[in-house]
4 protein chains.
Amino acid sequence: MKETMEQWFAELEKSEAEAVKMTEKQSKILQAAIEVFAEKGFAAASTNEIAQRAGVAEGTIFRHYKTKKDLLLSIVAPVMTKLIAPFVLRDFNKVLDVDYDRYELFLRAVIANRIEFLRNHMNVFKILIQEIPFHPELQEQFRKNILSKVLERMNLIVDKFKSRGQLMEIPNLTVIRLTMSAIIGYVITRAYNENREDAGWDDEFEREETISFIIRGLSIK
Amino acid sequence: MKETMEQWFAELEKSEAEAVKMTEKQSKILQAAIEVFAEKGFAAASTNEIAQRAGVAEGTIFRHYKTKKDLLLSIVAPVMTKLIAPFVLRDFNKVLDVDYDRYELFLRAVIANRIEFLRNHMNVFKILIQEIPFHPELQEQFRKNILSKVLERMNLIVDKFKSRGQLMEIPNLTVIRLTMSAIIGYVITRAYNENREDAGWDDEFEREETISFIIRGLSIK
Amino acid sequence: MKETMEQWFAELEKSEAEAVKMTEKQSKILQAAIEVFAEKGFAAASTNEIAQRAGVAEGTIFRHYKTKKDLLLSIVAPVMTKLIAPFVLRDFNKVLDVDYDRYELFLRAVIANRIEFLRNHMNVFKILIQEIPFHPELQEQFRKNILSKVLERMNLIVDKFKSRGQLMEIPNLTVIRLTMSAIIGYVITRAYNENREDAGWDDEFEREETISFIIRGLSIK
Amino acid sequence: MKETMEQWFAELEKSEAEAVKMTEKQSKILQAAIEVFAEKGFAAASTNEIAQRAGVAEGTIFRHYKTKKDLLLSIVAPVMTKLIAPFVLRDFNKVLDVDYDRYELFLRAVIANRIEFLRNHMNVFKILIQEIPFHPELQEQFRKNILSKVLERMNLIVDKFKSRGQLMEIPNLTVIRLTMSAIIGYVITRAYNENREDAGWDDEFEREETISFIIRGLSIK
DNA sequence: GATGAATGAGCTTTCATTCAT
DNA sequence: GATGAATGAAAGCTCATTCAT
């Protein structure tokens with residue numbers, strides 16, 4: 001069994017993408033809505049502007065999506081699922097098989113994969129982050145489908161590296177929180193510096209420093 | 001000179017709070033606006049609802065604040081300034097005098113202070129975070145008045161601890177980013193668990209673990 | 001070539017009227033707006049009342065005209081153009097061919113034609129006169145498209161009758177002013193008396209007296 | 001009895017002006033209101049702007065004038081009266097005594113006098129003309145107090161010059177209309193050219209041409 | 001399926017007017 | 001007498017949504 005984790009990710013991504021069937025107009029509407037929602041926020045976005053950018057009549061939007069909110073959910077929900085793709089591989093054993101020897105390698109793989117993901121879905125991710133506080137359904141979905149599953153899987157992974165003597169004996173939730181804080185902080189700073197030419201951001205370097213920082217902070221000396 | 005950093009913070013906070021002069025109605029409007037903005041977001045909040053909650057006529061709002069956006073800025077701007085109070089103490093020498101021997105102590109003081117601050121201004125802070133992406137003026141203000149000043153001061157502080165041999169020789173910006181990621185991750189998780197009784201969140205413990213994590217990640221072995 | 005000037009006017013009027021394409025609702029809105037603007041003045045007219053009289057929803061007005069002012073301009077602009085129809089016949093030679101032997105005949109033709117015009121567009125004309133002082137765009141339009149063209153054409157006409165020895169040698173502008181003052185004074189008084197049954201206004205008589213007055217005032221003895 | 005008509009006019013003007021008693025604030029309000037009404041029209045003028053220009057509180061306006069409309073009437077009514085000052089000299093006989101030998105002289109005196117008047121009250125006059133169509137009270141006032149009195153007096157004057165063989169035998173109303181049309185046309189064109197440096201308006205010349213035009217148009221050959 | 005005119009509720013904002021100080 | 005904060009009705013305008021074509 002020579003499959004790598006990356007291949008698993010790719011397969012998952014693909015199979016989800018293929019599941020979608022929509023007309024050209026519908027896809028244009030989605031694309032336009034993503035743009036406008038990301039630019040102005042859901043509440044300040046007008047269906048009129050979305051229709052114009054999509055090059056369709058305003059009525060056409062409501063043929064495909066009952067309400068404006070429906071349109072939001074249609075955008076955000078599938079990305080929420082994809083967001084945790086790496087953590088919900090179906091075959092449990094395989095995950096462990098296709099595993100990494102060290103926490104460091106695992107982190108590096110996850111970061112690379114999720115950055116690739118965000119590059120493709122940055123706008124939807126922005127919308128998700130922006131709107132979660134105002135839509136209980138999104139919160140519910142997030143908690144049930146995302147957070148719990150990620151935590152569940154990460155629990156196993158942390159347990160494994162603990163048992164191999166690579167991670168300190170502090171509560172799993174704390175390990176996960178500290179790991180994720182560092183990674184998310186890296187990703188956000190990275191995104192913030194992406195469009196600024198004068199930033200002097202050395203991505204390769206910062207990523208490695210972040211990983212090293214996590215390892216130093218969590219390893220048994 | 002036995003003053004502590006905390007005393008400085010307190011004094012600053014107080015003097016700013018006292019500077020405000022407004023009628024009772026005006027303050028009720030502000031309070032109501034903060035509530036509604038935090039609950040629904042700026043764009044989805046209606047001046048009508050704000051007026052009702054404040055117990056004033058809708059026209060009264062516009063006597064005090066030319067536009068709805070004006071109202072937003074009046075709420076957010078002063079808090080932005082207070083947000084960095086600990087980093088803009090006027091007398092430079094005193095800051096160093098009232099200083100801490102170890103990075104760890106410095107972190108513990110900053111966290112305690114800012115958590116206290118957030119307890120008092122959580123709603124406004126939420127609004128600030130939510131609205132910054134959609135209002136270039138806020139972004140500008142944030143970059144110029146907040147980010148640059150915090151970085152400037154943190155630079156000095158990191159330099160000091162580096163020179164004392166307590167911090168590794170990695171770029172200051174990286175040190176700052178990693179430190180802040182961990183702290184902000186702690187603060188957010190804390191806030192997330194605050195209203196949930198079943199959370200089993202041991203704040204004292206998590207805070208200390210976070211500080212230890214940072215120290216381990218950044219110290220020279 | 002037996003065409004008369006009147007026929008030219010009629011043709012021009014017709015062709016302009018035909019150029020307009022609009023839905024039934026749109027035309028009802030225009031009609032209602034003309035009524036209300038004429039009755040109350042632009043500033044005192046409410047889009048709400050216009051909508052009610054037109055039998056449409058208020059929003060419908062703003063689907064067709066971006067702003068209330070837009071609605072005003074849409075009403076006034078085309079009438080401004082028609083106002084000077086007799087003075088902007090395209091084919092210059094024909095104008096002179098279809099010409100009149102005496103200034104008196106010319107005046108009688110113009111008055112008859114413009115009175116007919118005003119009978120059809122009195123309300124819009126009122127609005128135009130009322131609103132010109134408050135809208136620089138209207139002033140500009142009036143100066144450029146109306147006044148200058150009328151003066152230009154009248155100049156030629158006055159020159160012609162001067163060269164035929166029918167008009168005194170006073171400046172053309174003065175001739176035009178005196179002629180128009182008398183005619184406009186007649187038209188206004190006529191309009192003022194139109195709705196009053198007790199007025200004892202003998203229109204035929206007054207018109208002829210006005211023309212005679214002008215001729216006596218401007219002819220070489 | 002060597003008094004001239006001009007002296008009568010002056011006396012009348014003065015005595016009316018003196019009759020007014022008002023505080024400094026009140027007069028500032030009036031002055032500001034005149035400005036704003038003339039600039040924007042009554043309906044589009046806001047009491048707020050008037051108060052600001054007058055340098056008083058908005059409430060102060062309503063202490064002196066029950067409503068905004070009251071303010072309008074307080075401005076327009078007295079000027080309406082003054083407008084016809086030359087035609088309502090109290091002592092009937094004196095009017096005829098202080099009389100002119102020729103219609104021409106009478107016209108020249110009236111024009112000079114009313115132009116002086118308009119120079120001082122142009123803004124109020126503008127307001128009057130603008131608002132008359134929308135306020136039945138003003139129309140009523142105008143008809144009863146102004147139009148009828150002017151016509152009554154002009155009737156006598158025209159009769160006199162007819163009896164002296166200076167004016168043609170056409171109806172008095174027609175004579176008056178033609179006379180006034182020419183004069184008003186002159187006054188308006190004059191006002192229109194007043195602020196335009198490039199106009200090349202020779203006021204003396206145009207005035208005399210206007211008078212000559214009237215005389216030629218109305219005299220027995 | 002797609003359109004876009006029409007809707008009417010609701011939005012932010014303005015305004016003349018009131019009234020306690 | 002003067003103030004200016006407060007009012008609430010009404011203004012112009014926007015918007016998500018509907019529906020006949």
Side-chain angles (χ1 to χ4, degrees), chain A residues 23-26 28-29 42-52 54-71, chain B residues 22-26 28-29 43-52 54-71, chain C residues 22-26 28-29 43-52 54-71, chain D residues 23-26 28-29 42-52 54-71:
Chain A
T23 73
E24 192 203 358
K25 298 239 169 191
Q26 198 167 350
K28 272 188 179 172
I29 289 171
F42 173 73
S46 82
T47 51
N48 171 39
E49 183 171 358
I50 294 171
Q52 269 179 254
V56 301
E58 215 168 341
T60 308
I61 294 178
F62 291 91
R63 180 153 295 279
H64 292 288
Y65 307 93
K66 257 177 84 77
T67 66
K68 188 183 166 197
K69 184 153 190 177
D70 222 56
L71 179 55
Chain B
M22 51 176 84
T23 73
E24 190 205 357
K25 297 239 170 189
Q26 197 167 350
K28 272 188 179 171
I29 289 171
S46 84
T47 51
N48 172 35
E49 181 170 0
I50 294 172
Q52 267 179 255
V56 301
E58 213 166 344
T60 308
I61 293 177
F62 292 91
R63 173 156 294 276
H64 292 290
Y65 307 92
K66 264 176 85 76
T67 64
K68 189 184 165 195
K69 184 155 190 176
D70 221 57
L71 179 55
Chain C
M22 51 177 85
T23 73
E24 190 205 358
K25 297 239 170 193
Q26 198 167 349
K28 272 189 180 173
I29 289 171
S46 85
T47 52
N48 173 36
E49 182 172 358
I50 294 172
Q52 268 179 253
V56 301
E58 210 167 344
T60 307
I61 293 178
F62 291 94
R63 173 158 294 276
H64 292 290
Y65 307 92
K66 262 177 85 77
T67 64
K68 188 185 163 195
K69 183 154 190 176
D70 223 58
L71 179 55
Chain D
T23 72
E24 192 202 357
K25 297 237 169 193
Q26 200 168 348
K28 273 189 178 171
I29 289 171
F42 173 72
S46 82
T47 51
N48 172 38
E49 183 171 358
I50 294 171
Q52 267 179 257
V56 301
E58 215 168 342
T60 308
I61 293 178
F62 291 90
R63 180 152 295 279
H64 292 288
Y65 308 92
K66 260 177 83 77
T67 67
K68 190 186 166 194
K69 184 153 190 180
D70 223 55
L71 179 55

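In what follows, chains are A, B, ... by sequence order, proteins preceding strands, each numbered from 1. Computed from a predicted model, the values in this text were never measured in an experiment.
An OP1 or OP2 oxygen of F/dG1 is reached within less than 4.0 angstrom by no side-chain nitrogen or oxygen of D/H64.
When distances are taken from the side chain of C/T60 to each of E/dA2, E/dT13, E/dT7, the shortest belongs to E/dT7. Residue D/R63 places its side chain closer to F/dA2 than to any other of F/dC13, F/dA2, F/dA20. The nucleotide whose nearest atom lies closest to any side-chain atom of D/V56 is, among E/dT13, F/dC15, F/dT3, F/dT3. Here the nucleotide nearest the side chain of B/F62, chosen from F/dG12, E/dT14, F/dA6, is E/dT14.
When both distances must be under 3.5 Å, the Watson-Crick or G-U wobble mate of F/dA20 is E/dT3. The partner of E/dT14, taking Watson-Crick or G-U wobble pairs whose two distances both stay under 3.5 Å, is F/dA9.
Projected onto DNA chain F by closest heavy-atom contact, B/A57 and C/E58 fall at different nucleotides, the more 5' of which corresponds to B/A57. Comparing B/K25 and C/A43 along DNA chain F, the residue whose closest nucleotide (by nearest heavy atom) sits nearer the 5' end is B/K25.
The structure places NZ of D/K68 at 4.5 Å from CZ of D/F42, a figure rounded to the nearest 0.5 Å. The distance from the OG1 atom of B/T47 to the CD atom of B/E58 is 4.0 Å, given to the nearest 0.5 Å. Annotation: the span from B/K66 atom NZ to B/I61 atom CD1 amounts to 16.0 Å, rounded to 0.5 Å.
For the pair C/I50/C/L71, a side-chain contact is recorded, criterion being any heavy-atom separation below 4.5 Å from C-beta on.
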